[in-house]
Amino acid sequence: MLPSLISATGPDVTAVAIPAWLDASAVAVGSVSGILVARERKLDLVGYIVLAMVGGLGGGLIRDIIIQHNDVYMAKSPYAIPMTVAVGFLGFLFPNALKRFPHLLEWVDIISVGLFVAAGTDKAIVYGLNAWAVVLLGTVTGVGGGMLRDIFLGDTPRIFQRSNFYALCAVAGALSYHILVFHLDVTSQWAAAICVAVVVLTRRVSLRFNILSPANVNLAPAVTRRVKVIYHMAKEDGVESSKRILQRLGKSGNYQVTFEKREDSQDGARPGNANGNAGSADDDQDGSPVIDRIIVEDDVDLGSPDADTDAGPSSDSPDTDSSQS
């Protein structure tokens with residue numbers, strides 16, 4: 001009988017029960033990835049067994065070390081270590097046996113990654129970790145063994161190199177598992193099955209259409225050019241706006257302008273007096289005083305372009321000693 005799809009009590013945070021034979025098969029297939037690399041490097045028996053153990057159990061080991069709940073899968077499972085050792089030993093004795101089934105191995109490999117992702121994500125949920133940690137640990141469980149295998153051999157991990165989706169498949173699977181359980185209230189059994197399907201489908205689509213992970217992306221030049229364009233446009237707009245405002249103020253006559261002294265001038269331009277009168281051209285040897293502030297003494301409409309276009313100084317405004325620009 002199929003389990004119910006939707007949980008009636010909210011998010012289902014109970015541990016998903018993966019059959020023992022399926023769990024052992026996933027570990028064995030993960031170990032196969034290790035013996036394939038050992039065959040390429042022509043390693044000895046110890047190398048075969050160690051890489052088989054790392055490939056099959058490395059991801060779960062990283063996950064359990066991060067969780068730190070005294071629940072290490074490879075130490076508690078009665079068949080995990082013997083299974084990987086047996087696979088490594090058989091791979092050493094029959095190194096060419098797997099060449100006969102290359103396509104089958106590809107399918108079984110990505111299915112085992114999906115099972116690892118589902119198991120790792122579920123374990124993180126059971127221990128009450130946050131969403132970011134759940135997705136991270138699910139991904140690490142799926143691809144951590146291959147990463148450790150490459151590190152042991154002194155290579156850049158293959159999941160870090162540009163290729164068809166692999167680690168991204170694990171991320172998609174872990175994310176889908178979390179969304180299904182916490183946001184759609186799907187039971188853990190169905191969430192695990194859908195997680196595996198997402199991982200396999202993402203991998204197969206990537207292979208079918210040769211979709212590669214992005215690499216050598218540099219947006220800095222494009223962003224810098226766009227920022228410069230925006231800066232110059234804003235600067236020109238500000239200059240034009242300032243000219244229009246000063247033109248309207250000049251027609252109203254009710255304002256003062258004070259000037260600041262230029263720091264780069266040798267003799268310096270004198271600041272304006274208390275009434276805002278700037279120094280004369282003779283006093284301002286650089287000929288271009290800088291406006292420090294504008295004081296508007298009466299209500300002047302600066303928002304309307306037609307404001308005060310025909311009106312001069314207001315007849316009832318107080319006389320001021322002002323300097324107009």
Side-chain angles (χ1 to χ4, degrees), residues 18 20-67 71-120 123 136-170 199-200 203 207 213:
I18 298 177
W21 66 269
L22 192 57
D23 191 15
S25 299
V27 172
V29 173
S31 302
V32 169
S33 66
I35 65 175
L36 290 176
V37 177
R39 185 187 63 187
E40 292 177 1
R41 298 298 184 90
K42 299 180 179 179
L43 303 182
D44 63 358
L45 176 61
V46 175
Y48 270 81
I49 293 176
V50 170
L51 290 187
M53 294 181 65
V54 170
L57 304 173
L61 179 61
I62 297 174
R63 174 202 63 208
D64 295 335
I65 290 175
I66 295 175
I67 293 178
D71 184 17
V72 180
Y73 168 78
M74 63 179 292
K76 296 184 67 174
S77 174
Y79 56 81
I81 295 178
M83 176 69 71
T84 55
V85 173
V87 171
F89 187 74
L90 292 175
F92 178 76
L93 295 178
F94 307 99
N96 296 324
L98 296 175
K99 288 184 177 181
R100 300 178 181 179
F101 312 102
H103 298 293
L104 177 62
L105 183 61
E106 171 65 29
W107 275 97
V108 176
D109 175 60
I110 195 60
I111 292 174
S112 69
V113 170
L115 290 171
F116 283 146
V117 171
K123 191 169 187 177
L136 172 64
L137 293 181
T139 303
V140 167
T141 307
V143 301
M147 180 179 67
L148 282 181
R149 175 201 64 210
D150 295 335
I151 292 175
F152 276 26
L153 295 172
D155 297 334
T156 301
R158 295 182 182 180
I159 63 172
F160 297 161
Q161 302 176 27
R162 193 174 191 222
S163 62
N164 297 106
F165 292 167
Y166 198 83
L168 292 178
C169 301
V199 173
V200 174
R203 174 67 174 173
L207 292 173
S213 56

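In what follows, every heavy atom counts, from backbone to side chain, and hydrogens, waters and symmetry copies are set aside. If you're wondering where the values come from, they're calculated on a predicted model, not measured in any experiment.
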Applying side chain to side chain contact (heavy atoms under 4.5 Å, CB included) to F116 and V143, what does each step give before you reach the verdict? CA-CA 8 Å; F116 283 146; V143 301; over 6 Å; no
Write down the atom of A170, the atom of V199, and the distance for their closest heavy-atom approach. CA-CG2, 4.5 Å
Do V87 and Y48 pass the side chain to side chain contact (heavy atoms under 4.5 Å, CB included) test, and can you show the C-alpha distance, the side-chain angles, and the key distance before you say yes or no? CA-CA 9 Å; V87 171; Y48 270 81; over 6 Å; no
Do any N or O atoms from the side chain of S77 and from the backbone of M74 form a donor-acceptor pair under 3.5 angstrom? no
Hey, could you give me the CD1/CZ distance between I35 and F89, rounded to the nearest 0.5 Å? 12.5 Å
What's the spacing between R149 CZ and R158 CZ if we round to 0.5 Å? 5.0 Å
Distance from Y73 atom OH to D64 atom CG, nearest 0.5 Å? 10.0 Å
Shortest non-hydrogen separation from A167 to I159 and the atoms involved: CB-CB, 4.1 Å
Heavy-atom check, side chain of R41 versus side chain of L51, under 4.5 Å: no
Shortest non-hydrogen separation from G30 to S112 and the atoms involved: N-OG, 4.4 Å
Please report the interatomic distance CZ(R203) to CG(D109), rounded to the nearest 0.5 Å. 7.5 Å
Mind running side chain to side chain contact (heavy atoms under 4.5 Å, CB included) on M53 and I49 for me, showing each step along the way? CA-CA 6 Å; M53 294 181 65; I49 293 176; 4.2 Å; yes
Minimum heavy-atom separation for F92 to L43, with atom names? CE1-O, 4.2 Å
Do T156 and Q161 have side chains that get closer than 4.5 Å, going by heavy atoms? yes
Starting at CG of L136, measure out to CD1 of I62 and round the result to the nearest 0.5 Å. 10.0 Å
Of all the heavy-atom pairs spanning S31 and T84, show the shortest one and how long it is. OG-CG2, 3.1 Å
Contact summary for S33 and G55, nearest pair of heavy atoms: OG-CA, 4.2 Å
Please check: side-chain N/O of R63 versus main-chain N/O of T141, any donor-acceptor pairing under 3.5 Å? no
Give, for atom CD1 of I111 and atom CD of E106, the distance between the pair rounded to the nearest 0.5 Å. 10.0 Å
